[in-house]
Amino acid sequence: MPTCLVTGGAGFLGSHLCEELLARGNRVICIDNLETGSLVNIAHLRTPDFVHLNLDITNPYYVEEPVDCVYHFASPASPIDYLRLPLHTLKVGSYGTHHTLGLAKRHRARFLTASTSEVYGDPKEHPQRESYWGHVNPIGPRGVYDEAKRYAEALTMAYHRQQGVDTAIVRIFNTYGPRMRPHDGRAIPTFLRQALEDKPITVFGDGSQTRSFCYVDDLIRGIIALSDSGHHDPVNIGNPNEFTLLELAQTVLEITGSASEIVFEPLPTDDPQVRQPDISLAKELLGWEPTVALREGLTRTIERAGAEALMGSR
Ligand code: NAD
């Protein structure tokens with residue numbers, strides 16, 4: 001039975017990944033210090049083939065048993081988290097990625113790192129292809145996340161080129177689904193919580209900035225296909241259907257039948273104006289494309305998570 005190690009496995013995406021890897025017949029070692037994740041996310045995975053180790057990957061760490069595949073997902077990911085934890089975010093992207101790549105090297109394991117569309121910054125190319133180098137403000141408040149991820153990509157390619165590690169890089173675009181934290185500050189959990197509580201929906205700016213939202217099941221399928229592919233260069237995984245934030249707020253209102261009004265708040269610093277993946281490479285290389293449309297995904301999120309969890313106080 002192959003063994004997969006998932007850093008950040010108790011987080012939103014990591015817990016879905018652990019679940020799918022177990023369903024595919026793998027043993028899973030989840031490394032997570034619960035900084036932004038939760039034991040609640042992995043409570044249903046308690047089988048003999050699943051183990052959670054509470055370790056901070058910014059410190060060196062070792063695993064005795066053989067590991068075949070490493071998925072590196074640990075990192076604060078929402079603006080609320082990385083603005084609260086700027087130095088930790090930089091350390092996870094640098095030391096944490098070093099330690100995890102070193103572990104993959106020792107075990108001769110395939111290594112896949114969770115990068116992000118934020119490496120493109122506030123893009124001057126639209127939609128964003130993997131060949132675009134990005135437009136990032138390194139010294140703005142968001143720089144700690146964007147640059148940590150850019151450094152993690154550089155480090156991953158260096159371990160591949162110099163040390164021969166079998167690496168992969170997935171550039172994840174905004175993803176949503178059950179187990180998002182209601183108060184993590186990202187648009188979909190915030191709008192769903194506000195709509196379900198009949199509180200005003202807070203849209204930043206005039207709501208004309210765009211995002212492309214991918215349902216979590218589609219994303220996990222793409223990540224596993226990339227891991228299986230043997231490809232080394234970065235690959236975008238996301239849903240190319242683009243919506244303005246105002247359209248998203250209106251869709252959430254329709255689906256929840258909420259009486260909330262929409263209110264407008266100032267744009268955060270360096271908030272990207274547009275965001276849309278070009279997924280030609282994923283289609284060609286992996287035969288992958290998303291299948292869940294936004295309305296369907298939002299409906300599934302509400303059904304699977306339950307309104308209470310989406311309104312929770314975490
Ligand atoms: P999350 O906050 O739910 O999960 C991150 C997990 O990492 C948490 O469980 C947290 O406790 C853990 N962690 C943080 N620091 C750690 C440390 N030092 N040692 C061990 N564990 C640590 O976030 P998420 O949305 O699931 O994101 C997972 C990964 O995917 C991140 O690397 C993020 O940058 C990337 N990503 C996510 C999205 C998205 O839309 N959700 C988009 C692009 C990239």
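Note that ligands are numbered from 1 as they come in the structure, with each ligand's atoms numbered from 1 the same way.
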**Atom indices of ligand 1, in the order listed, that fall short of 4.0 Å to a heavy atom of D56** = 17 (C), 18 (N), 19 (N)
**Request:** Could you check whether the rings of F213 and Y176 sit parallel, tilted or perpendicular, using 30° and 60° as the cut-offs?
**Result:** perpendicular
**Prompt:** Relative to the heavy atoms of A74, which atoms of ligand 1 are at a distance of less than 4.0 Å?
**Reply:** 7 (O), 13 (N), 21 (N), 22 (C)
**Item:** Selected option - heavy-atom contact closest to atom 20 (C) of ligand 1, from T116, L55, I31, I188
**Value:** L55
**Request:** Look at atom 29 (C) of ligand 1 and say which protein heavy atom is nearest, naming residue and atom and giving the distance to 0.1 Å.
**Result:** F73 O, 3.2 Å
**Request:** Kindly say whether T202 contributes a backbone atom to a donor-acceptor pair with the side chain of Q194 at under 3.5 angstrom?
**Result:** yes
**Asked** Considering only the protein, which heavy-atom contact is closest to atom 8 (C) of ligand 1, and what is its distance?
**Response** T36 OG1, 3.2 Å
**Asked** Relative to the heavy atoms of A10, which atoms of ligand 1 are at a distance of less than 4.0 Å?
**Response** 9 (O)
**Request:** Check whether any side-chain N or O of N26 sits under 3.5 Å from a backbone N or O of L21 as a donor-acceptor pair, and report yes or no.
**Result:** yes
**Prompt:** Does any N or O in the side chain of W288 come within less than 3.5 Å of the main-chain N or O of I223, such that one atom is a donor and the other an acceptor?
**Reply:** no
**Asked** Any heavy atom of T7 sitting closer than 4.0 Å to ligand 1?
**Response** no
**Request:** List every atom of ligand 1 that sits less than 4.0 Å from any heavy atom of K149, numbering the atoms from 1 in the order shown and giving each element.
**Result:** 31 (C), 32 (O), 33 (C), 34 (O)
**Message:** Would T58 count as a polar contact of ligand 1, with the cut-off being nitrogen or oxygen pairs under 3.5 Å?
**Reply:** no
**Asked** What atoms in ligand 1 come closer than 4.0 Å to a heavy atom of T175?
**Response** 39 (C), 40 (O)
**Atoms in ligand 1 with a heavy atom of L34 nearer than 4.0 Å** = 11 (O)
**Message:** Tell me if the NZ atom of K199 is crowded by more than 12 foreign heavy atoms within 6.0 Å.
**Reply:** no
**Request:** Look at atom 26 (O) of ligand 1 and say which protein heavy atom is nearest, naming residue and atom and giving the distance to 0.1 Å.
**Result:** L13 N, 2.8 Å
**Item:** Those atoms of ligand 1 less than 4.0 Å from some heavy atom in N174
**Value:** 40 (O)
**Request:** Quick one: look at V92 and ligand 1, take heavy-atom pairs under 4.0 Å, and tell me if it's side chain, backbone, both or neither.
**Result:** side chain
**Message:** Is the ring pair Y120/F173 parallel, tilted or perpendicular, if the boundaries are 30 and 60 degrees?
**Reply:** tilted
**Item:** Flag if over 12 foreign heavy atoms under 6.0 Å of CD, E65
**Value:** yes
**Asked** Touching ligand 1 at all, G96? Heavy atoms, strictly under 4.0 Å?
**Response** no
**Item:** Pair D228 + R110: basic N to acidic O under 4.0 Å
**Value:** no
**Complete:** Nearest heavy atom to atom 15 (N) of ligand 1, choosing from H88, R179, M180, K91, belongs to H88
**Item:** Any N/O pair D81/ligand 1 closer than 3.5 Å
**Value:** no
**Asked** So, does E118 sit close enough to ligand 1 that a heavy atom of it is under 4.0 Å from the ligand?
**Response** no
**Prompt:** With a 3.5 Å cut-off and no angle check, do the side chains of Y71 and S227 form a donor-acceptor pair?
**Reply:** yes
**Message:** Ring-plane angle category for H99 and Y95, please: parallel below 30°, perpendicular beyond 60°, tilted otherwise.
**Reply:** parallel
**Prompt:** What protein heavy atom sits nearest atom 4 (O) of ligand 1, and how far away is it?
**Reply:** G11 CA, 3.5 Å
**Asked** Considering only the protein, which heavy-atom contact is closest to atom 11 (O) of ligand 1, and what is its distance?
**Response** D32 OD1, 2.7 Å
**H16 side chain to P178 backbone, donor-acceptor under 3.5 Å** = yes
**Message:** To check your reading of the model: name the closest protein heavy atom to atom 41 (N) of ligand 1, its residue, and the distance in Å.
**Reply:** R186 NH1, 3.0 Å
**Item:** D198 side-chain N/O to A259 backbone N/O, donor-acceptor pair under 3.5 Å
**Value:** yes
**atom 19 (N) of ligand 1 - nearest protein heavy atom and its distance** = I57 N, 3.1 Å
**Request:** State plainly whether the residues E118 and K149 are in salt-bridge range, i.e. N to O under 4.0 Å.
**Result:** no
**Minimum non-hydrogen distance to atom 44 (C) of ligand 1, winning option of A77, S115, A114** = S115
**Nearest-neighbour protein heavy atom for atom 36 (N) of ligand 1, which is reported as residue plus atom name and distance** = Y145 OH, 3.9 Å
**Item:** Donor-acceptor contact below 3.5 Å, side chain N241 vs main chain A293
**Value:** no
**Prompt:** Would you say ligand 1 has an N or O under 3.5 Å from any N or O of G37?
**Reply:** yes
**Request:** Check the side chains of H88 and T58 for a donor-acceptor pair under 3.5 angstrom, ignoring hydrogens and angles.
**Result:** no
